[in-house]
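Heads up: numbering here begins at 1 and tracks the sequence. Values in this document were obtained by computation on a predicted structure and should not be read as measured data.
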Amino acid sequence: MTIQIVNPGEVASKRAGTGMTTPVSTFKATSLTIFEALRKIATQSPRKVYSSHLRILVISEELAREGITPILDGILRNHEMRTDFYIVIAKGTTAENVLKILTPIEKISSNKMFTTLEMSEKIWAPTVKVRLDALISDLQTEGKDPVLTGIQIKGGPSKGEEKSNINRIDPNAFLQYSGLAIFKNDKLVGWLNEKESKGYNYILDNVKSTIGHLNCPAGGILAVEVVRSKTRMRGRVDNGNPQIFLDVFLEGDVGEVQCKIDLIDPQSIDKLEKTAQKEVQTIMESAIQKAKKYDADIFGFGEAIYRADPKYWNKNKDNWKEQFLDLPVHVNTQVKIRRLGTVSDSLVQKTKE
């Protein structure tokens with residue numbers, strides 16, 4: 001276990017950041033149990049570690065592939081632990097390496113990870129905030145497998161440990177959230193890429209706002225900001241055959257135009273809306289196919305079937321994983337473009353004319 005703690009004198013002083021010490025320090029201990037390792041750190045740290053201050057829990061990818069239930073038990077059982085921290089997976093590296101990276105702007109890197117995850121979920125969409133209680137619920141719920149956001153180290157990890165990393169305009173190493181980890185039961189089995197992760201959040205009705213681009217009818221691209229999103233998931237069983245229906249409604253604003261198009265013409269907007277509907281459907285279907293590849297029901301389709309027909313579910317839940325692979329999922333998308341921004345016409349079109 002590796003913990004990151006704050007150096008109070010460096011962060012709280014009026015001249016914070018000008019001293020010789022780093023804003024945070026890490027301590028490491030090895031033991032057979034989480035509880036022992038946490039207490040063992042007392043041999044290194046001059047102060048008691050208060051678990052209730054925990055902001056984020058990082059789990060190494062290698063450990064996640066072995067199974068996360070054993071470590072979650074020690075954390076859940078600890079009376080000092082609150083459940084308002086987020087859990088992420090160190091993608092392609094160890095949790096220790098992630099916690100050693102010094103970050104600019106936000107000197108306490110665990111706070112940086114916490115706030116970046118909140119902001120990226122709010123305005124970008126391919127990430128997801130998962131707290132301990134939600135993760136435990138997904139692990140224990142029949143017909144639902146969990147996902148966790150992945151975090152990567154970009155650049156050289158060893159250089160990211162040095163204080164010079166936060167004194168550069170372009171840091172040698174930095175932390176970046178990347179994709180969603182797919183779990184089958186409690187073991188990590190694969191990853192969703194950025195596009196598929198956005199599709200996952202559309203399906204689970206997690207998208208608050210995001211940006212996407214579309215191909216214009218005459219060539220070029222156009223950016224659309226999703227300002228409102230609503231997804232309804234319905235399960236149905238017809239003659240012993242389970243099906244899932246996804247109804248998605250999006251409202252978007254034109255954010256940028258890099259093509260020749262007359263946005264005042266209702267037909268142009270109609271074409272863009274149809275293009276957007278196909279794009280959203282493709283994104284969602286790509287996430288479904290990736291989940292089926294790993295035979296992991298991360299969307300809770302089994303839960304939806306249970307709500308629709310409890311008797312069928314209780315009779316067939318033992319072989320749900322096999323049924324999930326061939327489960328028909330019908331995606332119906334509706335997109336409305338509401339506003340064009342402060343400029344009505346395409347600047348590209350007017351300039352070329």
Thr231 side chain vs Leu204 backbone, donor-acceptor pair below 3.5 Å
no

If you measure from the Lys or Arg side-chain nitrogens to the Asp or Glu carboxylate oxygens, is any gap between Lys122 and Glu118 under 4.0 Å?
no

Going from CD on Gln44 to OG1 on Thr26, what distance comes out if it is rounded to the nearest 0.5 angstrom?
9.0 Å

Quick one, Leu135 and Leu148 - any side-chain contact, counting heavy atoms below 4.5 Å?
yes

Met233 side, atom CE; Phe299 side, atom CZ - distance, nearest 0.5 Å
8.0 Å

Hphob cluster co-occupancy, Leu132 + Leu188, side-chain heavy atoms under 4.5 angstrom:
yes

Over 12 foreign heavy atoms within 6.0 Å of OH, Tyr312:
yes

Is any side-chain heavy atom of Ser51 less than 4.5 Å from a side-chain heavy atom of Leu38?
yes

Which pair of non-hydrogen atoms, one from Ser45 and one from Phe27, has the smallest distance, and what is that distance?
CB-CE1, 4.0 Å

More than 12 heavy atoms of other residues, nucleotides or ligands under 6.0 Å from CZ of Arg232: yes or no?
no

Please check if the number of heavy atoms outside Lys159 that lie under 6.0 Å from its NZ is greater than 12.
no

Throw together a table of side-chain donor-acceptor distances under 3.5 angstrom for residues 264-274, partners on residues two or more places apart or in other chains.
unit_1: Asp265; atom_1: OD1; unit_2: Gln267; atom_2: N; d: 3.1
unit_1: Ser268; atom_1: OG; unit_2: Asp262; atom_2: O; d: 3.0
unit_1: Glu273; atom_1: OE2; unit_2: Ile337; atom_2: N; d: 3.0

Within a reach of under 6.0 Å around CD of Glu80, are more than 12 heavy atoms found that belong to other residues, nucleotides or ligands?
yes

Check Ser209 against Glu225 and note the closest heavy-atom contact, atom names and distance.
OG-OE2, 3.7 Å

Has the side chain of Lys91 got a donor or acceptor atom that lies under 3.5 Å from a matching backbone atom of Glu61?
no

Can the positive tip of Lys290 be found less than 6.0 Å from the middle of the six-membered ring of Tyr294, inside 45° of the ring normal?
no

According to disulfide bond (SG atoms under 2.5 Å apart), does anything in residues 190-238 pair up with another residue at least two apart or in another chain? List the pairs.
Cys216-Cys259

Kindly check if the number of other-residue, nucleotide or ligand heavy atoms within 6.0 Å of CD1 (Ile105) is above 12?
no

Membership question, hydrophobic clusters at under 4.5 Å side-chain separation (ILVMFWY): are Ile244 and Ile298 in the same one?
yes

Donor-acceptor pair, distance only, cut-off 3.5 Å: does the side chain of Asp145 make one with the backbone of Lys184?
no

Flag the pair Asp205 and Lys230 as a salt bridge only when some basic side-chain nitrogen lies within less than 4.0 angstrom of an acidic carboxylate oxygen.
yes

Report the hydrophobic cluster partners of Val227, with the cluster defined as I, L, V, M, F, W, Y residues connected by side-chain heavy atoms closer than 4.5 angstrom, directly or transitively.
none

Show which residues join Ile169 in its hydrophobic cluster (side-chain heavy-atom contacts under 4.5 Å, direct or indirect), or state none.
none

Please find the pair of heavy atoms, one from Thr22 and one from Ser25, that lie closest to each other, and give the distance.
OG1-OG, 4.3 Å

Under a single-linkage rule joining Ile, Leu, Val, Met, Phe, Trp and Tyr whose side-chain heavy atoms are separated by less than 4.5 Å, which residues share a cluster with Leu32?
none

Name the one of Glu121, Glu196, Lys195, Glu194 that satisfies side-chain contact (heavy atoms from CB on, under 4.5 Å) with Pro126?
Glu194

For Arg168, does the CZ atom sit with more than 12 other heavy atoms under 6.0 Å from it, leaving out its own atoms?
yes

Side-chain ion pair, Lys144 and Glu303, N-O less than 4.0 Å
no

Show which residues join Val98 in its hydrophobic cluster (side-chain heavy-atom contacts under 4.5 Å, direct or indirect), or state none.
Ile56, Val58, Tyr86, Val88, Leu99, Ile101, Met113, Phe114, Leu117, Ile151, Ile153, Leu175, Tyr177

Electrostatic pair Glu106:Lys112 at N-O distance under 4.0 angstrom:
no

What is the minimum heavy-atom distance between Asn165 and Leu102, and which atoms define it?
ND2-O, 2.8 Å

Using modelled atom types only, decide if a donor and an acceptor are shared between the side chain of Asp309 and the backbone of Arg236 within a distance under 3.5 Å.
no

Ser197 side-chain N/O to Leu180 backbone N/O, donor-acceptor pair under 3.5 Å:
yes

With a cut-off of 6.0 Å (strictly less than), are more than 12 heavy atoms of other residues, nucleotides or ligands near NE2 of His330?
yes

4.5 Å side-chain heavy-atom contact, Phe183 and Ile68
yes

Nearest atoms (heavy-atom pairs only) where Ser109 meets Gln4:
OG-NE2, 2.7 Å

If I compare all heavy atoms of Pro8 with all of Arg47, which pair ends up nearest, and what's the gap?
CG-NH1, 3.3 Å

Side-chain donor or acceptor of Thr282 paired with backbone N/O of Lys278 under 3.5 Å
yes

Can Phe245 be reached from Tyr200 by stepping across I, L, V, M, F, W or Y side chains whose heavy atoms are under 4.5 Å apart?
no

Around atom CZ of Arg39, are there more than 12 heavy atoms of other residues, nucleotides or ligands at under 6.0 Å?
no

Donor-acceptor pair, side chain of Asp253 and main chain of Leu340, under 3.5 angstrom
no

Do the side chain of Gln323 and the main chain of Pro242 share a donor and acceptor less than 3.5 angstrom apart?
no

